[in-house]
Amino acid sequence: MKKYDHKKIEARWQKAWQDEKIYEPDLKKAEKPFGTTQGKPFYNLMMFPYPSGEGLHVGHAFAFTGADVYGRKKRMEGRDVFEPMGYDSFGIHAENYAIKINEHPKELTRKTTERYEAQLKSMGIGYAWDERLLTSDAEYYKWTQWIFMQMWKHGLAYRKKQAVNWCPSCKTVLADEQVILRGVKNDPEQMRGIGVCERCSSVVKKKNLEQWFFRITKYAEKLLQNLEKIDWSEKIKIAQRNWIGRSEGASIRFRIKYKVSSIKSSDEYIEVFTTRPDTLFGATYMVLAPEHELISNLKSKISNFKEVENYVKKARSKTEEERTVETKDKTGVELKGIKAINPTNNEEIPIFAADYVLSGYGTGAIMAVPAHDERDWEFAKKFDIEIRNVIDPVFSTFEGKTEERERVVALVEDGDKVLTINWGPGKGGRLLVGGGIQSSEGPVETAQREIAEEAGYTHVKLAEIGQETVHYKYFSHNKKAGFHAHVKILHFKLEKKERVAQKLEDNEKGWFVVEWISKEQAGREIIDPLHNYVFQKFIAGKCYAGTGIMANSGKFSGMDSEEAKWAITKLVGGERKIQYRLRDWLISRQRYWGAPIPMIFCDTCAAAGKGEYPSASGEMHGWYAVPEKDLPVELPFIKEFRPQGKNESPLASVKEFYETKCPACGAKARRETDVSDTFLDSAWYFLRYPSVHNEKEAWDKALTKKWLPVNMYIGGAEHAVLHLLYSRFVTMAFHDFGILDFEEPFSVFRAHGLLIKDGAKMSKSKGNVVNPDEYVKNFGADAFRMYLMFLAPFEQGGDFRDQGILGITRFLDRVWKMGMEVSEGKEIEKTNSETETLIHQTIKKVTGDIDGLQYNTAISALMVFLSGLEKDGANRENFEILLKLLASFAPHITEELWYELGNKTSIHTSAWPKFDAALALGDTIDFVIQVNGKHRGTINIRRGIGQDEAEKLARETEKVKTALAGKNVHKVVFVPDRLINFVVQ
RNA sequence: GCCCGGGUGGCGGAAUGGUAUACGCGCAACACUUAAAAUGUUGUGAGCGAAAGCUCUUGUCGGUUCGACUCCGACCCCGGGCACCA
């Protein structure tokens, strides 16, 4: 018997597969794969890596193997699987690593891609290497530049000066998506996280620079809407939804009044966006972002302009200095001499400049409603501005065990019954009001609306001494417990009653005595001062940001706040508006290792007011795209490639590079020296793979039609709002340019889990990176692949420990042994029925599990299958099924044994086994017997048995006899083919 | 604070509302061996019991159900994402 020598076998087959190109589908004639089965193109894509020089770690191995398993099964199912691989070799991540090890990125790329390739091949991953691509190759980035140019020509690329994120270590600007918040846990001091660079974790600063942007915001709605149509991991969709951040609200104008003159002189206004127009009556001041243009525009009108200017300067520089901790502490300054007019009541309200209002969102100005917005509340407290409540919380009742949180604040006596009114904090900052009827001795009875009504009470009034008597609308919308009361305060009682003393405990200063009143008495009137009193008394310290009933709002008082939203908007002439959080994609990078942005600036044209002005890009005098025939704009090889930190790319000091001629007038002109964001390279690579050999076009029309969109895309969840969003945007844009006929690039996307080590993410700095090479060498690629797939659910990930790998090695050894025996003729003649059932069950299970990426349970089913064959005997027929099911996970050993059994073509192009659902069920079942829901044994019975027979058989068992002795069976639950349950008393 | 995941043996992890702990690791005993390793067989949630068996057990507390890891309500803990977005 031959020994299982994984090294020899794996090396041999890896070479053979490459020579025979079994993983190379015929891209042009994809309908005829390898002459066996008929099939259709299946584009199985895995996110490509960037070269880091350290080689691939087990996290990569885990992800790539998982994607490969999926592709291999699809191939065996007759699909023409295209599984390409490439390298995201351009860009800041590769360049940073090159700087670190002091090597030129070009050289680094060459070395590391070689290394990666050897590693990937050693793991037996079935890539179509003929279509390999590198984003740093000129034949690739030529088309990246072409994409930029198309964006420009269609008005989706523009240049603008604005405050942008600047990484002082990478010495370049970053897109919003590339700034991550280092977690500063939420604490009472309201510390915020700090924005740090996605690549190097340096604290990001703000700089005012002129940069290139892509108008991704134009696609905000479509990016959001299309999420409904694609089959992606739900968490990625959620992340994208949050990032796009759609809010519905109103745009409202506030007129400005100057102190020096009358209203008539002011046709100036402040426009704000608000999601809460219903709170407009409560807007007691306004805030402009420090960058807001009105501040300088109104310079002459602002009496304390010096002070304001100082603040603005400080606020701006604050973002430029190194900040360690940013707090939510509110700062600001009033713009004296001018006022805004609240359009609902024509009140004059003060205007502030404060940095808690962001210039980049909405209009950069807000109406502040301190009573109903936490940030405004804080600001108002600090600056002593009126807090005017205009929303009355909708009270919810207490339910279940909430006593310890209740604060009894009111009670009314009626004979021996006491009604208590409880107020307490509810979910989401809501105020909960409930109550109950307590008898003189018994425990608190849950207040039922019916109880109250039976007792003749439908309304409650509650009052405090000295306050005018009011009543509140009665609510009762919870069918089960409690009531909601708008109450009338009668008087404030300062002494405590023993009965509720415990409940009041220490935090209560007193309580209100309430009195039930009739519905008629109650009416609908609400008097605001008292409401404010109650509001501040019980919600004080935290404002109420929820919805509710309008108060203090003129004719809208009493209305539902949701309803009032649009009524008030209409009243003040506002407009309904959708606002997105998404910002335009900042494309320029002041770095060397990237695709040069293919634009030329001509001074002569600019002076003459000329330029190439694609619609919607705005008038950018002097700017021209590099003509298509001149692409690529080649990145020169320079030794001084390190970033210099002068807001410029190193290319800005390469004269031969930037000196050029204006494409329009021929005068001396200057090239753009910034390069594009590396995420532009990866935002379209999937379009290039099938057309990688096409030198004339970015992508071949026919091939694209055949292969795209991608059928299955597997990658990390960390790219939810970077690569995955950008790719969708680019695809949508090119669809609209008429160059692609689909909007969404990836029909299915699944995020794989992360492999962690000792409870922490693997990273070189933590020194817990596991290198897969050792495992491949010692245990073999098959064992390693399988172990990775077995160790955790693929989409969940887990802690990498190698203790379990022996289990897989043992399994493969047994497979090998069985293979040898079968090939030597030691086999049973006929598969018995038990094995027959097992075969069909296993095919069914493995097929379904691989489809659902549940590799760990698929492998466990294969283990059960092997044990079954060992017990009942194997033969060529049933063993080949095992091999096929195993082939995706362990491609080498299965191929070896497959040929050993006399097959002449690869197992990987053989047909996936089919199962018979009826056979998978089997003839007999273990039927469960329960008494009162407790397991009391099983009997093996024929499938499809009826209740009478089952019950008879069950009653005959000793256990049931004992359990039922002297008991009265009052119910029998029978679940066919599963269980019978005797319910006794 | 908000939004997602998740909490099951010593460990990784299984379970369409129907035998909780599949499969694997580890551990123990036995077989083979001069011996060890490898391999094979058996056992392995906890407690009580000589045994048959009984009781308890899926983060906590309640609820629905003949029956709950699974459904509902409230809470606790861990991991991840987002966060001054009006």
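Every heavy atom of this structure was used, including side-chain atoms; hydrogens, water molecules and symmetry mates were not. Just so we're on the same page: letters track the sequence lines, and every chain starts at 1.
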Go through residues 277-289 of chain A and report each residue with a non-hydrogen atom lying under 4.0 Å from RNA chain B, sorted by number.
-> none

List for me each residue that meets salt bridge (charged side-chain N to carboxylate O under 4.0 Å, His left out) alongside A:D977, sequence neighbours excluded, and say none if there are none.
-> A:R943

Would you say B:C56 has OP1 or OP2 under 4.0 Å from some side-chain N or O of A:K934?
-> yes

Given B:A20, B:C84, B:C82, the nucleotide with the shortest approach to the side chain of A:H935 | B:A20

Write down the distance separating the C1' atoms in B:U21 and B:U33, rounded off to the nearest Å.
-> 36 Å

With sequence neighbours excluded, tell me which residues meet salt bridge (charged side-chain N to carboxylate O under 4.0 Å, His left out) with A:D584.
-> none

Spacing of the C1' atoms in B:G1 and B:C71 (rounded, Å) | 29 Å

Are any of A:K235's side-chain N or O atoms less than 4.0 Å away from OP1 or OP2 of B:G5?
-> no

Selected nucleotide, minimal atom distance to A:R936 side chain, candidates B:A22, B:C54, B:A86 | B:C54

Write down the distance separating the C1' atoms in B:C4 and B:U42, rounded off to the nearest Å.
-> 45 Å

Whole-Å C1' distance, B:G40 and B:C32 | 8 Å

Taking the side chain of A:R581 as its heavy atoms from C-beta onward, which of B:C84, B:A83, B:G18 lies nearest to it?
-> B:A83

May I ask you to evaluate whether A:Y356 reaches the phosphate of B:A86, defined as a side-chain N or O under 4.0 Å from OP1 or OP2?
-> no

Paired and unpaired positions of RNA chain B as dot-bracket, Watson-Crick or G-U wobble under 3.5 Å, | denoting a partner strand = (((((((..(((.....[....)))((((((.......))))))((((....))))..(((((..]....))))))))))))....

Of the listed B:C3, B:A83, B:G18, the closest approach to the A:W243 side chain comes from B:A83

Of B:A86, B:G18, B:U19, the nucleotide closest to the side chain of A:D926 is B:U19

Every protein N/O lying under 3.5 Å from an N/O of nucleotides 37-47 of chain B:
residue, atom, partner, partner atom, Å
B:U39, OP1, A:R810, NE, 3.3

What interatomic distance, in whole Å, is found between P of B:C23 and the corresponding atom of B:A15?
-> 13 Å

May I ask you to say whether A:R241 pairs ionically with A:E234, meaning some side-chain N is under 4.0 Å from a carboxylate O?
-> yes

Tell me which nucleotide among B:C54, B:C3, B:A86 gets nearest to the side chain of A:N242.
-> B:C3

How does protein reach along nucleotides 10-15 of chain B, written 5' to 3' as B (base within reach of a heavy atom under 4.0 Å), S (only sugar-phosphate), or - (no contact)?
-> -SBSS-

Rounded P spacing from B:A22 to B:G73 in Å = 31 Å

